[in-house]
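Chain identifiers are assigned alphabetically (A, B, ...) following the order of the sequence lines, protein sequences preceding nucleic acid strands; residue numbering begins at 1 within each chain.
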Protein chains: 4
Amino acid sequence: MRADAARNRARVLQVAREQLAMGDDSLMLNTIARLAGVGVGTVYRHFPNRHALLEALMAERFQQLVDEARAAAAGAEEDAPASLRRLLRFTLGRMLDDAGFAAVLESAGGADAQTSALRADLDGALAELLDRARRAGAIRYGIEADDVRRLLCGIGHAVRSGGDDAAHAETYLDVLLEGLRPPR
Amino acid sequence: MRADAARNRARVLQVAREQLAMGDDSLMLNTIARLAGVGVGTVYRHFPNRHALLEALMAERFQQLVDEARAAAAGAEEDAPASLRRLLRFTLGRMLDDAGFAAVLESAGGADAQTSALRADLDGALAELLDRARRAGAIRYGIEADDVRRLLCGIGHAVRSGGDDAAHAETYLDVLLEGLRPPR
Amino acid sequence: MRADAARNRARVLQVAREQLAMGDDSLMLNTIARLAGVGVGTVYRHFPNRHALLEALMAERFQQLVDEARAAAAGAEEDAPASLRRLLRFTLGRMLDDAGFAAVLESAGGADAQTSALRADLDGALAELLDRARRAGAIRYGIEADDVRRLLCGIGHAVRSGGDDAAHAETYLDVLLEGLRPPR
Amino acid sequence: MRADAARNRARVLQVAREQLAMGDDSLMLNTIARLAGVGVGTVYRHFPNRHALLEALMAERFQQLVDEARAAAAGAEEDAPASLRRLLRFTLGRMLDDAGFAAVLESAGGADAQTSALRADLDGALAELLDRARRAGAIRYGIEADDVRRLLCGIGHAVRSGGDDAAHAETYLDVLLEGLRPPR
DNA sequence: TATGAATGAGAATTCATTCAT
DNA sequence: AATGAATGAATTCTCATTCAT
């Protein structure tokens, strides 16, 4: 890819990310083009439609999350419950930073191949971590990776739904983790 | 209000509710008018803009919830934790039935006077119930009515975010209630 | 239909007709709206897309032609070859006045129901007239209504294809009619 | 011209011809470039704008026709009416094969110098042939080369305007030639 | 009061042409 | 000479809101 093309693509993604972060999920391609300082056509060349742009946005961030999850799952000797908490905290932080990221993570199974693959990867790593945490008594039976992901997205919503972003993040995360433990 | 005017208003609200329930949150007033069998102008007479319609929609459902919450809070002799669980289960059920209702409940503080008042009412009743549940050892310190409402909305998202609506509702609600208990 | 709606519809059709007559077959709905002094939305309300506008344009003129053809076919006592010539001359005149009309008449069978019906009507009347003209020795075997319509459209093209519109119409029409006679 | 440049030019012309033959007269240069396996810039190097491409396309085919016409005109000893028929049949065949060719042949006098010159050449040869055919009693007075060209284009339209391309070509051509004879 | 036609700003998208590589 | 990314004016179409009937 040409240097300027790459630069433009990056700018567009950056602007789109910022728009989402500002809570504007309309992703108007004309607006994005203007903000990015490129022509509309350039945006359309890189991303034939709004969905493709969202996809690209997702993939990037999602991959990073998958990497984190794998690292956590691979840390075999470590304290699994603590690893899980760290991973969920990391993920929650990302969701709060980036509304688009949250949207992707939450989007139902009907996503594109790439996103579905990423989700499968994530759930795989998470399942491993969960199993180890369950053996350590920190996770109840009947809760799988899919549930944890969904519940964490819910926690993300709860945190965001006050103006006081992030002030409650730690508390709510703790509520989730306590709730996931086997009932007394 | 003339009888036919009242009837038209009710029809519009009904159609709007159905649209929201079907997951179409665009609330196009022309469409609603058509579906309701009235002219656009009629919709605008009753609801000067889209927001006013949403407001009206909210108020109705929200009031019912407030009534439930007050009844639960007033049941002084009863088992407070059980009352709380019932109330949250009722609320969650509503949220799953009616996406619009969920949206209202979740909407941030920047709502209109009427909605804000309803929320205050809800939180008042919920706070009372929480206090009693806390005295019964079922709720940790540092969790207030606002938190419970937000977390419950999050649970609603988690439940909805699978195709398997409601299949996980009870489990996720249990995770929430366990998580709200004082840490061991 | 409301008075102003009818007026607007007529204006739009009128402008569209003029545009076509000027040889601009792009039929840009925004342009038409501006020229007609109405909003774009008004055009779209009456004609959801360009094709619908063309259709409407066609129908009106086409119906008049069908009426003429029927009258000619019904004039049982008259000189059939002369009637045919008059009808073809009338049709050719229309085609030269109105490029849109010519386009409709020529458009292949893949047209809409309404247009197809009109064409069938036309061909019916024309077939009747042709049979009578054939009995009078003015039409060769093997030439049907469909052929005459197609050939006449071709003559229309030939006339138009010089800057000298209409100067050759009568001659070319005569060439057609002579050519349609049984070979010597 | 470099060998590769010549090859590219030929490819572009070939693809453009195919597009026209497929009935797509939009001649989108980006599309043509892609189909030809060259960059857009290359197309623009050879043909500064769309019109230039059309011109080039025309010229090539048109020249071949002129050659045919001259050969027919030069065949002094032959049966002129038969030569004329052969020439018109050849031309009609070309028009049916290649919609772009038909468009060129038909294009009004306002064409470019090169095309105008070709048309003049064609009309010159055709006029000669017509004169000889007229002397043989096969062409009426008042019909000139220009008329024959225009009428033939019209016949082309008539043939094409059914789905049954070419099935009627011979009949319609015969209608034309009979029609061109002096009236009885 | 009800109606629904009219309005027009604005969003999505295309494509001829230019120009950096 | 070739490439193809970039450009942005132009076009199609939507929809919230107003207003004549």
E:dA6 base / C:Asn8 side chain donor-acceptor hit below 3.5 Å: no
Presence of donor-acceptor pair under 3.5 Å, side chain of A:Asp4 and base of F:dA5: no
To the nearest Å, give me how far apart [atom1] ([X]) and [atom2] ([N]) are.
| X | N | atom1 | atom2 | answer |
| --- | --- | --- | --- | --- |
| B:Leu29 | E:dT3 | CG | P | 15 Å |
| A:Leu27 | E:dT13 | CG | C1' | 16 Å |
| A:Arg45 | E:dA20 | CZ | C1' | 14 Å |
| B:Ile32 | F:dC15 | CD1 | C1' | 13 Å |
| A:Phe47 | F:dA5 | CZ | C1' | 14 Å |
| D:Gln19 | E:dC15 | CD | P | 12 Å |
| D:Leu54 | E:dA16 | CG | P | 12 Å |
| D:Met28 | E:dT14 | CE | P | 10 Å |

From B:Arg61 atom CZ to B:Leu13 atom CG, the distance as rounded to the nearest 0.5 Å: 11.5 Å
Gap between atom CD of B:Gln19 and atom CG of B:Leu53 - 0.5 Å precision: 10.5 Å
Partner nucleotide of E:dA12 by Watson-Crick or wobble geometry (both distances under 3.5 Å): F:dT11
Pair partner, F:dA20 [Watson-Crick or wobble, under 3.5 Å]: E:dT3
Nearest-nucleotide comparison on DNA chain F, the residue closer to the 5′ end among C:Val40 and A:Gly41: A:Gly41
First of B:Tyr44 and C:Asn49 reached from the 5' end of DNA chain F, by closest nucleotide: C:Asn49
Given DNA chain E, 5'-ward residue of the pair B:Val38 and A:Asn30, judged by closest heavy atom: B:Val38
Contact under 4.0 Å: D:His46 side-chain N or O vs F:dA1 OP1/OP2: no
Below 4.0 Å: OP1/OP2 of F:dT12 and any side-chain N or O of C:Arg50: yes
Residue B:Thr42, side-chain heavy atoms: nucleotide from E:dA2, E:dA6, F:dT11 that is nearest: E:dA2
Pairs satisfying side-chain hydrogen bond (donor to acceptor under 3.5 Å, both in side chains), at least one member in residues 28-42 of chain A, at least two apart: none
D:Gln14 versus D:Arg17, side-chain donor and acceptor atoms under 3.5 Å: yes
Geometric class of the D:His157/C:His157 ring pair [parallel <30°, tilted 30-60°, perpendicular >60°]: parallel
